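Everything numeric here is computed off the predicted structure, so don't read it as measured data. Positions are given from 1, in the same order as the sequence printed here.
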Amino acid sequence: MSTRENPAGLVVLAVDDEMAWLDEMKYLLGGNPRVARVLTAFDAAEALRLLRSDDPDLFGQRDADESTVDAVFADVSMPGLSGMELARVLTAFRNPPALVFITGHEENALEAFEVGALDYIMKPANAERIDRALRTIEKNKQQAAGGARALEAPTPDDDEVIPVELAGTTRMIPRKEVRWVEAQGDYARLHTTDGSHLVRIPLAQLEERWADAGFLRIHRSFLVSLPLVTELRMSSSGYSVVLGGGQPKELPVSRRHTRELKDRLVRAPRQNWGQQ
């Protein structure tokens, strides 16, 4: 176990069946100022034993309704109980810890987000990438303690990555590459400069998650990146927007969304949306 002089910091659990990688995770996590304690487990069974413990020597004094571990950083492929199976067990916890996968298996990214993983980091990880995940975990913990919603909406400083599958290959699409999103039932189609990608995420969920990153709902079927809006057009049939960032694309604006769109476009220069 690694400890720091930061009693208000995060308690994290690193899980990997390969000692070299476990030591590397412990080193990266323990060297971060956001972390108070680092626990380690060589497999998922040992991880669950630690997660169900309330030993104050391991976790310090915490309130009865507070999780003993704030976050689990786990590999995907482990003997016995796999990382994915561990994730499904964690969903049954009353106050489940945040889950971050650090793995060399890129093909499991989509499944990881479906089971509730907060982040998916490819090996070898680095201190900056670890800190980005820890920053989100820390903010979520602070929001939950303050009575705010537990899941943090991405901020303009954080470029979320979306895993998409195509012909058995998982590709990681940065949010900054998305020009607009189109609703397709319970799915959403992400439109980028080099094509489109279907993901199993409802448009309403992306609308909420990406609101602070400059995306706005302009129609029941469309979510657009405000920094890419180059024109607002009016015709006899109503308003539409033209998007840049590639081949110009014109999309309709519904009447119910027109006022908010105009207001956001007027405020956009002051908020420097185009620099995000």
Side-chain angles (χ1 to χ4, degrees), residues 1-2 10-30 32 35 37-55 58-59 67-127 129-134 136-137 140-141 150-151 160-173 187 197-201 205:
M1 180 179 70
S2 172
L10 300 171
V11 176
V12 297
L13 171 62
V15 190
D16 200 308
D17 64 305
E18 296 185 39
M19 185 57 69
W21 287 117
L22 188 61
D23 287 343
E24 179 69 9
M25 289 167 62
K26 181 179 179 181
Y27 171 77
L28 290 171
L29 291 165
N32 191 288
V35 175
R37 294 178 178 86
V38 180
L39 308 176
T40 59
F42 200 63
D43 57 29
E46 174 67 7
L48 288 173
R49 187 190 72 78
L50 288 171
L51 289 168
R52 288 168 174 149
S53 172
D54 58 0
D55 186 347
L58 288 175
F59 306 108
S67 299
T68 53
V69 171
D70 297 300
V72 175
F73 286 72
D75 191 12
V76 171
S77 180
M78 294 184 288
L81 201 66
S82 72
M84 291 298 172
E85 291 168 328
L86 172 63
R88 293 185 175 92
V89 174
L90 294 183
T91 61
F93 280 39
R94 183 166 66 93
N95 294 308
L99 175 63
V100 175
F101 284 112
I102 301 183
T103 180
H105 300 273
E106 181 179 286
E107 66 273 12
N108 298 111
L110 183 61
E111 183 182 1
F113 285 100
E114 288 178 344
V115 297
L118 177 76
D119 206 341
Y120 196 89
I121 302 173
M122 295 298 297
K123 293 178 179 178
N126 58 53
R129 188 66 180 85
I130 293 291
D131 183 70
R132 195 165 82 186
L134 289 169
T136 301
I137 294 166
N140 288 347
K141 180 183 176 181
L151 291 180
E160 182 177 347
V161 175
I162 308 95
V164 298
E165 283 192 348
L166 180 63
T169 299
T170 302
R171 181 181 173 190
M172 311 303 285
I173 305 295
Y187 291 69
H197 313 274
L198 193 65
V199 295
R200 282 179 278 186
I201 305 175
Q205 185 175 335

Between V69 and L50, does the side chain to side chain contact (heavy atoms under 4.5 Å, CB included) criterion hold? Intermediate values first, please. CA-CA 9 Å; V69 171; L50 288 171; 6.0 Å; no
Of D119, V100, L99, which meets side-chain contact (heavy atoms from CB on, under 4.5 Å) against I137? V100
With a 4.5 Å heavy-atom cut-off, do V11 and T68 have their side chains touching? no
V199 to P163 - nearest heavy-atom pair and separation: CG1-O, 4.1 Å
Which atoms form the tightest heavy-atom contact between S82 and A44, and what is the distance? O-CB, 4.4 Å
Could you tell me whether the side chain of M84 reaches within less than 4.5 Å of the side chain of F101, counting heavy atoms only? yes
What are the two closest heavy atoms between M25 and A14, and how far apart are they? CE-CB, 3.7 Å
Taking all atoms of both residues into account, what is the closest heavy-atom pair of A41 and A47, and its distance? CB-N, 3.6 Å
For F93 and L48 the tightest heavy-atom approach is CZ-CD2, 4.2 Å
Y27, OH: over 12 other non-hydrogen atoms inside 6.0 angstrom: no
Do you know the tightest heavy-atom contact between R129 and N126? N-OD1, 2.7 Å
Within the side chain of D75, is there an N or O that forms a donor-acceptor pair under 3.5 Å with the backbone of T103? no
Checking V72, V15, V89 against L51 for side-chain contact (heavy atoms from CB on, under 4.5 Å), the one that qualifies is V72
Check this for me: does any side-chain nitrogen of one of E46 and R49 sit under 4.0 Å from a carboxylate oxygen of the other? yes
Kindly determine whether W21 and I102 satisfy side chain to side chain contact (heavy atoms under 4.5 Å, CB included), including the steps that lead there. CA-CA 9 Å; W21 287 117; I102 301 183; over 6 Å; no
